[in-house]
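Inspection log for the structure reproduced underneath, given as structure tokens.
Sequence lines set the chain letters: A, B, ... in the order given, protein chains first and strands last, and positions in each chain run from 1. Not measured: the values here are computed from a predicted model.
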Amino acid sequence: MNISYNWLKDLVEVDLSPQELATKLTNVGLAVEGIHEFENDFVFDIDLTSNRPDCLSHLGVSREIAVIQNAELKIKNANNEGQRTKDESQNLVTIQDSELCHRFTARIIRNVKIAPSPDWLIKRLEAIGERAINNVADITNYVMHELGQPMHSFDLNKLKENRIVVRRARNGETIKTLDEIERKLDDSMLVIADAEKPSAIGGIMGGFESSITSETTDILLEVAYFKRENIRQTSRKLNLSTEASYRFERGVDIENLIRASNRATELICELAGGTSEEFVDVYPTKFQPDEIESKNIQFAVKRLTGLTVEETEIIRVLSALGIKPKEKSQDSNLKSQIYVVPSWRHDLVIEEDLVEEVARIYGYDKIAEEIPPGKSAGEYQPTEPRKKSLRKTLADLGFDEAISYSFIDVKNDEKFELLPHLVHENLDEKFVTLKDSIIEGAVRMRPSLLSGLLDAVRTNFNFQKRDVKLFELGKVFSASNKENELPNERELFAFVLTGNEMLENKTMPVRELDFYDAKGTLESAIDVINPINAPSLEFIAKDVKHLRKGQSAEVLFNGKLVGTLGRLSDEIAQAYKFKQPVYVAEVDLETLLLRHYVLNVETAKFTIKGNEVKLTYRPLPIYPSIVRDVSLLIKRNVSFAEIKKAIESEN
Amino acid sequence: MSEERKQIEQIREAFEQEFGRFAHLRVEIDGLSLTDAENLSRELVELKTKHTGKKSEIAGAKKLIGRVAPEERGAFGQFVQTIEKEIVAAIEEIENNLKNFVSKAKIEREKLDVTLPGKRPRVGHLHPITLLRQRIEDIFVSLGYAIEDDREIETDYYNFDALNIPEGHPARESQDTFYTTNGFALRSQTSTVQIRAMERRGVPIRIIAPGRVFRRDTPDLTHTPMFHQIEGLCVDKGITMAHLKGTVGVWLRRLFSKETKIRLRPSYFPFTEPSAEFDFSCFKCGGTGIFENERCRPCKGSGWIELGGSGMVHPNVLRACNVDPQVYSGFAFGFGLERMCSLMYSLDDIRLMFENDVRFLEQFR
Ligand SMILES: [Zn+2]
């Protein structure tokens, strides 16, 4: 939001330079992102947090400056008493839905002459980045930026029966808005209608037909308050956000309506030569100020911020912010106090909110730095040390760590064989799917890490990096088999390798990587997360959907199927346009980490379900070992595992 | 001259004749190949055996001493010995010269370029996000914090309601949360772990929770629809914003430098009250805003780096976890790891974090 330094000086005495003021405003929570010069003015770009709609105007920022500098505002307080309407205009405004429209004021100004605004007004608007249109439109815009109250002017003679009905739209009713777009309305939306049809979408945008033109002579000036939630809802539904809706949905000051109306009327009469006539203020839903009880505000400030602030300073800050202590009876608790929240602050509800008000004005910079007394020993996630070893081992083996998006393209769905028990195959919707994504097609929450790694291989191939080793640790997702239950999340470990074994700083390859490099990597990785001498992984030749026949294996740990390993199938390799062998492995890391060996110090054994590893050392053999080289002639279909087993059974 | 002396002279002449071809090696050896030098050495060994061994002529000539008249015997014996010494000395001189030459030539031949790359397998690299997470975890564990993590797909209750973001709240309707077709939310902040951890562990509690979060941001230089956050939470009796400031200070001073300063600025978050942005003095320019005579890049010349959001845990959040806000208070903070990483390494395109381009990953260790 843009705020003019000169404009502020109209509203409050400013003794600070623009630079000093920017720092002070930032320190109280109105973050000034930049200052730029505009002719003989300075313009602040303020990034307001969503809880401070009261600062969406020069008046709002001036209030903060008044508190910072302990000064008075130059402009009078909001005058809630307008001229009352004459009896004959009683039906000028009818509010049919007082839940959505809490207050509506209308003023008739006749005999105006629509013309360009004077220079000073155009300059003011241009300084804050607003475009001038004509005198009446510019004045309503000007008053909104000055006082924070959006308003709308209708051409009175284009309103059927010259009157206003504030009602819900009828389903299917339409309106052509100022931007000349025909919009379809429904009965959740509030319209400002004439005797027949909608003339504006309440608080969002005026209608085209009833808008001010160069021929307009009589206008009806609307200054109203609408229910915040409803404006937000309608604005979303219509996908239409305006400066007015932005303010209304965050909350304007309902007690500021008459001041805003008077200010605009004065300016219109002065600059467009009209005469102010009937005025109506229909206020069916009276404002009830919020009250906050604090047992001891000084204590609360100390308890939450550590700041010791004098009671008089607390009272000064709160009062300056318009937060007034409510008069209390003599016998009540001395410290306990009820505070009345001003009509422009929608964000103050509880004592902690008051603490923040005191602390931010007193200064967050005065908060000390302390360390809370230590009571606990730090701890990593129980699986973290083993995951750290795993990562380290993979890096030592030449693998770079990848992190891929959790959402992948649906076209990967049937490509990969998923780890056992990951998805419930009998479900209609076995995967987790996003309603919509940001990346085209990527609506599937990944059930496998492989597609991400293969995408990464392709990325690297595209940059002529043909020797690639990557690994990833991350969660995969699958639908729960119980209705309305959160999806399953499981942490997997996967890697991919392709190309040649490489030496650091040398471009000459050592040799081509093959299946056994992949297998060795997996063995090393799993070895380091288990105690020494624990049985290693078992590999069983088995066809796997995404792997090439004859070079694929299932991986077992302690008898349980935990993963797959092998060379990527020709079909998938072709789809990725890979012209060299690519080896992949994926294992259920969560299971491996959960079903880990537990150390029992008393028995000096690591144990796991159905298996145990002794912790004690074996005495060293007395004699040096002897190596024998034996050659066997064996049929090709006999596996190494079978030979090993046969030899070992001979002891 | 006696017959015997003549005989000895002849032996010497015979030696000198054979030795002649080695004579030039007496001076500094030059222009000889290593192979020639080694051959010459071998031949010289043969010459040495012939002329100085027990079966050499000069050894045989010692028998002549007996034949010489007794009064001349002494002088003659000396003469024989002198000749023998001359022969041995002549051979050994060449022998040494050749030996030195050969060993020098071998050293020259086997000389290595020590600047060539060493032989070592290519070592891989951990992802910069992992590296930074591990460093921060180490610091907080040393401060007595437990590391926590939890689900990435959550119910609206954990992602919003329990964090004091009720239905109709602007933060909830901002449409930057991903939803699954079953109506679950991909967590949009790691603050969800605050709730889960307090439910599990109760209070007092001191945790940090690193993890993935998701927001419906179209990828650009500074946004990705998935990124990592670290959430911190400390709830106990008597916890204040001073503890927040102190803890953030210790952590960032350990990560960057002892001189790092902390600044809190008022802000707004639904789950904290009071709320604050936390900034730290720029690690590059030391808070001056100027680096190498130019406007400092990470802090954009302001001297401060805005890192994340923080504040005192909102009483509604404590109540949602069955913690009495009258008895307990706590601070919480959160920040994005990708943003921090890109500041630290002056990385101008955050999307590189998830492209897994090896040329990018190789730059971190
Ligand atoms: Zn800097």
Side-chain angles (χ1 to χ4, degrees), chain A residues 26-29 49-51 229 303-306 352-353 355-356 359-360 364 367-372 374-381 384 391 394-396 398-406 432-435 438 456 459-460 463 465 468-470 475 477 486-487 489 502-506, chain B residues 117 119-127 129-130 137 140-147 149 151-153 155 168 170 178-181 184 204 206 212 216 218 225-226 234 236 239-243 245-247 249-250 264-268 273-274 276 312 315 329 354-359 361:
Chain A
T26 301
N27 289 346
V28 298
T49 51
S50 65
N51 62 327
E229 293 78 4
R303 185 175 104 89
L304 287 174
T305 66
E352 285 79 357
D353 296 324
V355 170
E356 181 177 80
R360 75 183 176 90
Y364 276 13
I367 296 173
E369 286 193 32
E370 291 167 17
I371 299 292
K375 285 184 182 169
S376 47
E379 54 183 285
Y380 292 93
Q381 289 263 288
E384 181 62 18
R391 283 192 164 94
L394 264 291
D396 289 347
F399 285 76
D400 295 316
E401 185 182 19
I403 297 182
S404 315
Y405 284 120
S406 300
V432 182
T433 307
L434 298 179
K435 272 195 191 127
I438 285 292
T459 300
N460 284 290
F463 293 109
K465 188 95 192 162
V468 182
K469 289 171 156 188
L470 289 168
K475 278 184 174 176
F477 305 86
L486 278 163
E489 299 181 1
M502 299 300 287
L503 293 178
E504 200 84 50
N505 298 323
K506 301 218 178 183
Chain B
K119 274 182 207 163
R120 54 170 174 152
R122 183 189 174 279
V123 174
H125 306 78
L126 297 191
H127 196 282
I129 293 296
T130 301
E137 283 188 10
F140 276 97
V141 167
S142 76
L143 289 173
Y145 282 68
I147 315 298
D149 191 14
R151 305 189 51 84
E152 290 176 11
I153 302 182
T155 60
F178 282 110
Y179 276 97
T180 70
T181 48
F184 295 116
R206 225 172 267 204
R212 281 184 189 211
R216 297 187 68 251
T218 311
M226 177 187 96
C234 170
D236 202 344
I239 297 295
T240 72
M241 282 180 96
H243 294 134
K245 205 172 175 181
T247 304
V250 168
L264 297 183
R265 278 183 298 112
S267 189
Y268 168 71
E273 192 66 43
M312 299 303 289
S329 57
F354 307 121
E355 277 170 15
N356 301 321
D357 186 326
V358 170
R359 298 169 306 167
L361 297 171

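Of all the heavy atoms in A/T305 and B/M241, the pair that sits closest is CG2-SD, 3.7 Å. In plain terms, the two heavy atoms of A/T26 and B/P266 that are nearest each other are O-CD, 4.1 Å. Nearest heavy atom pair, residue A/D400 against residue B/L361, reads CB-CD1, 3.9 Å. Across all their heavy atoms, B/R206 and A/G374 have their closest contact at NH1-CA, 3.7 Å. Closest heavy-atom contact between B/S267 and A/T49: OG-CG2, 3.8 Å. The minimum heavy-atom distance between B/S329 and A/R303, with the atom names listed, is CB-NH1, 4.2 Å.
Both the backbone and the side chain of A/A402 come within less than 4.5 Å of a heavy atom of chain B. Only the side chain of B/M312 comes within less than 4.5 Å of a heavy atom of chain A; its backbone N, CA, C and O stay farther away. Residue contact with chain A, scored on non-hydrogen atoms closer than 4.5 Å, involves the backbone and the side chain of B/R216 alike. Contact of A/Y405 with chain B is made through backbone and side chain together, with heavy-atom distances under 4.5 Å. A/E229 does not touch chain B: none of its heavy atoms, backbone or side chain, sits under 4.5 Å away. For B/I129, the part lying under 4.5 angstrom from a heavy atom of chain A is the side chain only. Heavy atoms closer than 4.5 Å to chain B are found in the side chain of A/K465, but not in its backbone. With a 4.5 Å cut-off on non-hydrogen atoms, B/F184 touches chain A through its side chain but not through its backbone. Proximity to chain B is limited to the side chain of A/V432, based on heavy atoms less than 4.5 angstrom apart. The parts of B/I239 that come within reach of chain A are both its backbone and its side chain, each placing non-hydrogen atoms under 4.5 angstrom from that chain. When heavy atoms are compared at a cutoff of 4.5 Å, B/D149 approaches chain A by way of both its backbone and its side chain.
Chosen from B/R265, B/R212, B/K119, the residue pairing most often with chain A at heavy-atom distances under 4.5 Å is B/R212. Of all the listed residues (B/E137, B/M226, B/H127), the one sharing the greatest number of non-hydrogen pairs under 4.5 Å with chain A is B/H127.
Between atom CD1 of residue A/I371 and atom CG of residue B/L143 there is a gap of 6.5 Å, rounded to the nearest 0.5 Å. Interatomic distance, OG1 of B/T218 versus CD1 of A/I438, reported as 4.0 Å (0.5 Å rounding). To the nearest 0.5 Å, the span separating CG on B/L264 from CG on A/N27 amounts to 11.0 Å.
No donor-acceptor distance shorter than 3.5 angstrom exists from the side chain of A/E379 to the backbone of B/A146, with no hydrogens or angles considered. Under a 3.5 Å cut-off, the side chain of B/K245 and the backbone N or O of A/I367 do form a donor-acceptor pair. The backbone N or O of B/V358 sits less than 3.5 Å from a side-chain atom of A/N460, completing a donor-acceptor pair. Checking side-chain atoms of A/K375 against main-chain N and O of B/P204 turns up no donor-acceptor pair under 3.5 Å. The closest donor-acceptor contact from the side chain of A/E369 to the backbone of B/G249 lies at 3.5 Å or more, if one exists at all. For B/R122 (side chain) and A/G398 (main-chain N/O), a donor-acceptor pair under 3.5 Å exists by modelled atom type. Looking only at distances, no side-chain donor or acceptor of A/E356 sits under 3.5 Å from a matching main-chain atom of B/P274.
Counting heavy atoms from C-beta on, the side chains of B/E152 and A/F477 come closer than 4.5 Å. The shortest distance between side-chain heavy atoms of B/T130 and A/R391 falls below 4.5 Å. For the pair B/T240/A/L304, no side-chain contact is recorded, criterion being any heavy-atom separation below 4.5 Å from C-beta on.
Between A/E489 and B/R151 there is a salt bridge, since a side-chain N of the basic residue sits under 4.0 Å from a carboxylate O of the acidic one.
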Exercise. Would B/T155 and A/L486 count as a side chain to side chain contact (heavy atoms under 4.5 Å, CB included) if you check the C-alpha gap in whole Å, the side-chain angles of each, and the deciding distance to 0.1 Å?
Worked result: CA-CA 7 Å; B/T155 60; A/L486 278 163; 3.9 Å; yes
Problem set entry | Verdict with supporting geometry, A/T459 and B/E355, side chain to side chain donor-acceptor pair (under 3.5 Å) | CA-CA 8 Å; A/T459 300; B/E355 277 170 15; over 6 Å; no
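When the side-chain hydrogen bond (donor to acceptor under 3.5 Å, both in side chains) test is applied to A/T433, the partners found at least two apart in sequence or on another chain are A/R444.
Judged by the 6.0 Å and 45° rule, B/R359 forms a cation-pi pair with A/F463.
Remark: the A/S404 side chain and the B/N356 side chain contain an N/O donor-acceptor pair separated by less than 3.5 Å.
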